[in-house]
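Remarks on the structure that follows.
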Amino acid sequence: PLLARTQEVIESMLRLMSLDAEVSVRYEAPDKEGRKPVRVEIHGDDLSILIGRRAETLNAFQRIAALIL
């Protein structure tokens, strides 16, 4: 459920930004505390608007996604 929800949220956010991109979501290897980090990969043409200046947009995007999830 977490991976599906994560993909759904990221895809919705990208759609709201009018960005056409492919999203893939998977678990990473467990960390020292046994938690499994979620890795999100976004692929598409000209995603520079998502990164923004000094990665400010990307940082905000990640923060908002984390708060939603």
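Heavy atoms of other residues, nucleotides or ligands lying less than 6.0 angstrom from CG of D45 number 12 at most.
R54 CZ to E56 CD: the interatomic distance, rounded to the nearest 0.5 Å, is 6.0 Å. Interatomic distance, T6 OG1 to R39 CZ, rounded to the nearest 0.5 Å: 14.0 Å. Residue L69 holds its CG atom at 12.0 Å from CD1 of I64, rounded to the nearest 0.5 Å.
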Apply side chain to side chain contact (heavy atoms under 4.5 Å, CB included) to residues V38 and V40 and explain how you reach the verdict. CA-CA 7 Å; V38 174; V40 177; 4.3 Å; yes

With side chain to side chain contact (heavy atoms under 4.5 Å, CB included) as the criterion, how do L19 and I49 come out once you've worked through the C-alpha distance, each side chain's angles and the decisive distance to 0.1 Å? CA-CA 9 Å; L19 293 175; I49 192 167; 3.3 Å; yes

Dump the intermediate steps for side chain to side chain contact (heavy atoms under 4.5 Å, CB included) on I42 and F61, then the final yes or no. CA-CA 12 Å; I42 302 171; F61 186 92; 4.3 Å; yes

Assess whether side chain to side chain contact (heavy atoms under 4.5 Å, CB included) is satisfied between M13 and I68, documenting all intermediate values. CA-CA 11 Å; M13 291 174 65; I68 291 170; 4.3 Å; yes

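Among all heavy-atom pairs drawn from P37 and A29, the shortest one is CD-O, 3.4 Å.
The shortest side-chain heavy-atom distance between L50 and L14 falls under the 4.5 Å cut-off.
Evaluation of the salt bridge (charged side-chain N to carboxylate O under 4.0 Å, His left out) test over residues 10-27, restricted to residues two or more places apart or in two chains, returns R26-E28, R26-E41.
Residues that satisfy the salt bridge (charged side-chain N to carboxylate O under 4.0 Å, His left out) test with R5, not counting sequence neighbours, are E8.
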